[in-house]
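A short write-up of the structure that comes next.
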Amino acid sequence: MLIVLASVLGIASMVGAYFAIHSKSLTVAIIATGVVSLISSILFLLLAAPDVAMTEASIGSALTSAIFFLTLNKIRQTNG
Amino acid sequence: MEYIIITIGFALTIFGLYGILSQKNMIKIIIGFSLFTTGINIVMVAIGFIRGGTAPILDEAGKEIGKYVDPLPQALVLTSIVIGLGVTALMLAYVMKLYQDKKSLNINDYKDLKW
Amino acid sequence: MEGILEITGGVFMVLGAVSLLVASIGLYRMPDFYNRIQIGTKASTFGASLSIVGVALIFPGWIPKLLAMLLFILFTNPISSHIVGRTAYFTNVPLSKRTKVDRLKEMSPGHLKKVKTKD
Amino acid sequence: MGKKTMIALITLALAFVIYPLYQSYNGSETLKDVGQYYIDNGVEETGAQNLVTSVVVTYRGLDTLGEVTILFLAASVISFFLSFSKNDRIKSRSIRSVTEILTTSTQVLVPMIFMFGVYIFVNGHLTPGGGFQGGAVIASGIILMFLSNPRFKLSHKVIQFVESTSGIVFVLIGAAGALMMDGDFLSNKIPGFGFGEVGSIISAGAIPVIYTFLGLKVGAELSNVLGVFVESQSEK
């Protein structure tokens, strides 16, 4: 059962990584990075590491995406 | 299960390096760094995994199973994630400043040290 | 007696899972963004609440923590989707062609204000 | 010419480097020596239930101190880079009006989020969680405040005070362990902080105190980074 879950999450994270690198839109790329981060937090939970899972979910997924979006907004603003 | 997860970790690492090398957009390069860090973290936690072990918290529920995973890689990854956020924020601040100078996100436009 | 509680909890959790499944099917079937965010929020909030009620029936010792979780979900989920939908409306995400009523447009042309900040 | 071939070659080289690592990985059944030592003796030596916490705060406390220093350096370099003079600032900034629902719910939610962050780092030695996670939760509360009120400004004095005080207290507690009990730097055996009963909140010596200050420090630093990023939006 866990093997099936891990494989599904693995395929999802590979798709997310593909979109993060090859997407034309930066917004899609940033959201895909957040998705990969969130999936990796579930993987940490499967590896019996709840502390790391909490850190990854709050920092890697939420705060990093927020900072990326702030930068993107600033760049668009400068562009006019 | 741990084989699959360590495969995911290595694959994310390779994806991240490929992204860093192949992309021209600087934000995409930082996204590549972010993927690279995530992959390395997954690999490090997977190395400390013990089959059938629970989280290293020794309360009643943990003592019933009596088999724990290694706490050391988890502690290292914990700090590594926080440092990853600091490094990402620093790189993004550089990108913002560079964009204000040249109005370009393409890495090939920055050739100031090259003549 | 304990068996009844466990069975009831299991039924609640299955109902929650069915609700989440309906939400995901609706995400696929709905015509535009606003319908999708509506069905996603409503059904998934309901499903998560039902699952939490099921867990509370099975493990009565966890009720305070589960209550806090329920409160958080009931608070944050609708509010966040409200903000997302509103932002989407003001950044001109197209409505479905079958839309009949658009109250937000009737309400105010001056709703989207340009505020000047003072330094 | 081969820019693409170069990229493919470097990626393949990385794959070759990590392939032996992957090959030699066997999901082991037993722990290595250091991990086994922590499992066997961690609870008696530190009194903390959560062994990750005892590794982070006590066994590898010096690493954590260096890590917090790196975070502090990163935060200060970011604020140095994104700071701007008051002359070249453009004053107008278009803001979409915020609904009443968001404002009201923020007033309810932000204290709850802060309380949840404090709960996480106060219970760091019992349940999963700790200073870093609690600090991140507090910083996400700050994001919510920024989003709900566009004119909200982070008070730099408060941030500075919290950050420097908690850093100094962190080092002082570490030094107290070394000086008064002739133990090690950043050990948790300090007179006045008993070990207590394992599993209760007041236990594990100095670990809860250190983790509380660590959480405040990390929360202040992350909030400062976010605040600087948000402030730089109105610059032109």
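So that the names make sense, note that chain A is the first sequence line, chain B the second, and so on, each numbered from 1.
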Check: If you measure from CG on B/Leu90 to CD1 on A/Ile67, what distance do you get to the nearest 0.5 Å?
Finding: 10.5 Å
Checklist line | Reported CD1-to-CD1 distance for the pair B/Ile8 and B/Ile42, which is rounded to 0.5 angstrom | finding: 6.5 Å
Notebook entry, point to check: Any idea which of B/Val82, B/Ile31, B/Ile4 has the most non-hydrogen atom pairs under 4.5 angstrom with chain A?
Noted result: B/Ile31
Notebook entry, point to check: Picking from B/Ile30, B/Val69, B/Leu85, which has the most non-hydrogen pairs under 4.5 angstrom with chain A?
Noted result: B/Leu85
Notebook entry, point to check: So, do B/Val77 and B/Ile81 sit near enough that their side-chain heavy atoms are less than 4.5 Å apart?
Noted result: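 SC-SC contact between B/Val77 and B/Ile81 confirmed.
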Check: Are any non-hydrogen side-chain atoms of A/Phe69 and A/Ile31 less than 4.5 angstrom apart?
Finding: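 Yes, close enough: below the 4.5 Å cut-off.
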Check: Between B/Ile5 and chain A, which part of the residue has a heavy atom less than 4.5 Å away: side chain, backbone, both or neither?
Finding: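 Only the side chain of B/Ile5 comes within 4.5 Å of chain A.
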Margin query: Is B/Leu105 close to chain A through its backbone or its side chain, or both, or neither, when contacts mean heavy atoms under 4.5 Å?
Written below: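 Contact with chain A: side chain only.
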Measure distances from [X] to the heavy atoms of chain B and classify the residue's part below 4.5 Å as side chain, backbone, both or neither.
X	value
A/Leu46	both
A/Ile11	neither
A/Leu43	both
A/Met14	both

Margin query: Under the criterion side chain to side chain contact (heavy atoms under 4.5 Å, CB included), I'd like the reasoning laid out for A/Ile75 against B/Ile27: C-alpha separation, chi angles, the key distance, then a yes or no.
Written below: CA-CA 11 Å; A/Ile75 283 169; B/Ile27 291 185; 3.9 Å; yes
Item checked: Leading residue by heavy atom contact count with chain B [cutoff under 4.5 Å; candidates A/Leu26, A/Leu63, A/Leu9] ->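 If we count pairs closer than 4.5 Å to chain B, A/Leu26 comes out on top.
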Geometric donor-acceptor pairs, no angle filter, chain A-chain B, under 3.5 Å:
from: A/Ile21; atom 1: O; to: B/Gln23; atom 2: NE2; distance (Å): 3.4
from: A/Ile21; atom 1: O; to: B/Lys28; atom 2: NZ; distance (Å): 3.3
from: A/Ser23; atom 1: O; to: B/Lys28; atom 2: NZ; distance (Å): 2.6
from: A/Ala48; atom 1: O; to: B/Gln74; atom 2: NE2; distance (Å): 3.1
from: A/Asn79; atom 1: OD1; to: B/Tyr99; atom 2: OH; distance (Å): 3.3

